[in-house]
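Quick notes on the structure that follows.
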Amino acid sequence: MFRLAAIAATAVAIASPTLAQDDDFEDVLTARQGMFRILAINLGIIGDMAKGDTEYDAEQATMAADNLHAVSMINPLILFPEGSDAEAIDGTRALPAIWENTDDVGSKWADLGEAVSGLQEVAGDGREALGPALGPVGNACKACHDEYRASE
Amino acid sequence: MIRTGLFGLVALAVIAGAAGLWITRTTPAEPGRFEALSGDPERGETVFVAAGCASCHHAPDAEGESKRVLAGGQRFPSDFGTFVAPNISTDPEHGIGAWEIGDFAGAVTQGVSPDGAHYYPAFPYAAYTRMADQDVADLWAFWQTLPADPTPSAAHEIAFPFSIRRSIGVWKALYLDDDWITPAEEPQLERGRTLVEALAHCGECHTPRTTLGGLDIDRWLGGAPNPSGEGTIPSLRPEDLDWSASDIAYYLESGFTPDYDSVGGHMVAVVENFAQLEAADREAVAAYLKALPGGE
């Protein structure tokens, strides 16, 4: 009986750190992945217009660009607490390198803000203006994903 | 009787040894084959970008224009050890500035160094071996316009027995084949095939490998484990990749997937290269992928 309890306690002790960790980070994972999803949805509205898959609509394009700008104003580091990387927990592709280079991550996020501002300026100017302004936004995404996100 | 047996054994060993030496020897490009060609550096730049030379050979922290300084130093972990990209800049001592075009062609298309050693197939010559001679000549002409860098190359960190370069000869006998993998009946598909199967060497990551590290051609572009870490490299076969041709071309230009996720990992460098090519080249790759068996 005692032995069984000891085994059970050991099993819990071994299992719980990971469980506790995943639970601890559930909110930030949901929040940061949602943040990137908001970016993707709004980029999609503009990108589909740029490609010609949907009809250009100045109001929709401007709204989407404004949303992108709003998200870029969030300081993302709040959503990336220490230990919430892909090597420590499941459900994320965030590489540990993020926490070794927070200045660089911050500056790359600022680059996104700048690119999005450029898009915001021209979003109401017609379909042709979208493609060239999307380029820098895509580059900002890539620049960060290249170093700080694991491949699928 | 015993003596005859022994003699037979020795003879067999000698034959086996000779066969081994024959299989593991290096076969350089035929002399004169490339010297006769005149290269166009402007076309060579397209070959350079499509082949992604700089993506692996620029210095580890290079950004922007300095990515064309081919100083080497990036590390590529694999099951066989860690490969370190060498200096292939035009520096005559530490790079390849002292090479002739025949040396260059032997390296790129056969994986053989000017002094007759095998290169490890981390250098994707098993794809480049399908390159047109003129592309090699154009690439070499463009190479002469690139800067020199004096950084010495670092040694690969490869464990025994893979550290014996001679053993690469066996690998080459098994896997170095300049035949195309798929048929291509019209010019756009031919161009797509040149890009996918030769220059951009897509199969190197997107095709699974055998235990000996050769591509499993039966599962061409069928997806594979990521050689340098966790995760998998996705399949590009029509039954797995349901993107339209314009989705594929747009991804190669912008790095955006159809649902506006952005490209990551080593594919970032690939998109960076494809974005610099003409739209027709991205469309050709898309057409090639859509025409793979299993598609429409």
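Proteins come first, then strands; the chains are lettered A, B, ... in the order of their sequence lines, and each starts at number 1.
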Could you give the distance from CD1 (B/I88) to CG (B/L70), rounded to the nearest 0.5 Å? 5.0 Å

Please find the pair of heavy atoms, one from A/V122 and one from A/A133, that lie closest to each other, and give the distance. CG2-CB, 3.6 Å

Once the angle between the rings of B/F123 and B/Y125 is folded into 0 to 90°, is it parallel (under 30°), tilted (30 to 60°) or perpendicular (over 60°)? perpendicular

From OG (B/S78) to CZ (B/F83), nearest 0.5 Å: 4.5 Å

Just by modelled atom types, is the B/A51 backbone N or O under 3.5 Å from a matching donor or acceptor in the B/Y128 side chain? yes

Hey, which residues of residues 274-283 of chain B are touching chain A, say heavy atoms under 4.5 Å apart? none

Does anything in residues 186-195 of chain B get under 4.5 Å of chain A by heavy atoms, and if so which residues? none

Using the test side chain to side chain contact (heavy atoms under 4.5 Å, CB included), find all partners of B/F162 that sit at least two apart in sequence or belong to another chain. B/F80, B/I158

Who among A/G138, A/G135, A/G131, A/A143 has the most heavy-atom pairs with chain B under 4.5 Å? A/G138

If you count heavy-atom pairs within less than 4.5 Å of chain A, which of B/T257, B/V268, B/V271 leads? B/V268

Is it the case that the side chains of A/R32 and A/S84 hold a donor-acceptor pair, with the cut-off being a distance below 3.5 Å and no angle test? yes

Do the charged groups of B/D240 and B/R237 touch, with an N to O distance under 4.0 Å? no

Taking heavy atoms only and a threshold strictly under 4.5 Å, list by residue number the residues of residues 42-71 of chain A that touch chain B; give 'none' if the list is empty. A/L43, A/G44, A/G47, A/D48, A/K51

State whether the side chain of B/T90 and the backbone N or O of B/L146 hold a donor-acceptor pair below 3.5 Å, judged by distance alone. yes

When you compare the side chains of B/S55 and B/N273, does any donor N or O come within less than 3.5 Å of an acceptor on the partner? yes

Please check if the number of heavy atoms outside B/E42 that lie under 6.0 Å from its CD is greater than 12. no

For a side-chain contact (heavy atoms from CB on, under 4.5 Å) check, start with the C-alpha distance between B/F142 and B/V47, then their side-chain angles and the critical distance, and finish with the verdict. CA-CA 9 Å; B/F142 172 69; B/V47 176; over 6 Å; no

CE on A/M35 to CG on A/L79, rounded to 0.5 Å: 5.5 Å

Please determine whether a side-chain nitrogen of the Lys or Arg among A/R149 and B/D261 lies less than 4.0 Å from a carboxylate oxygen of the Asp or Glu. yes

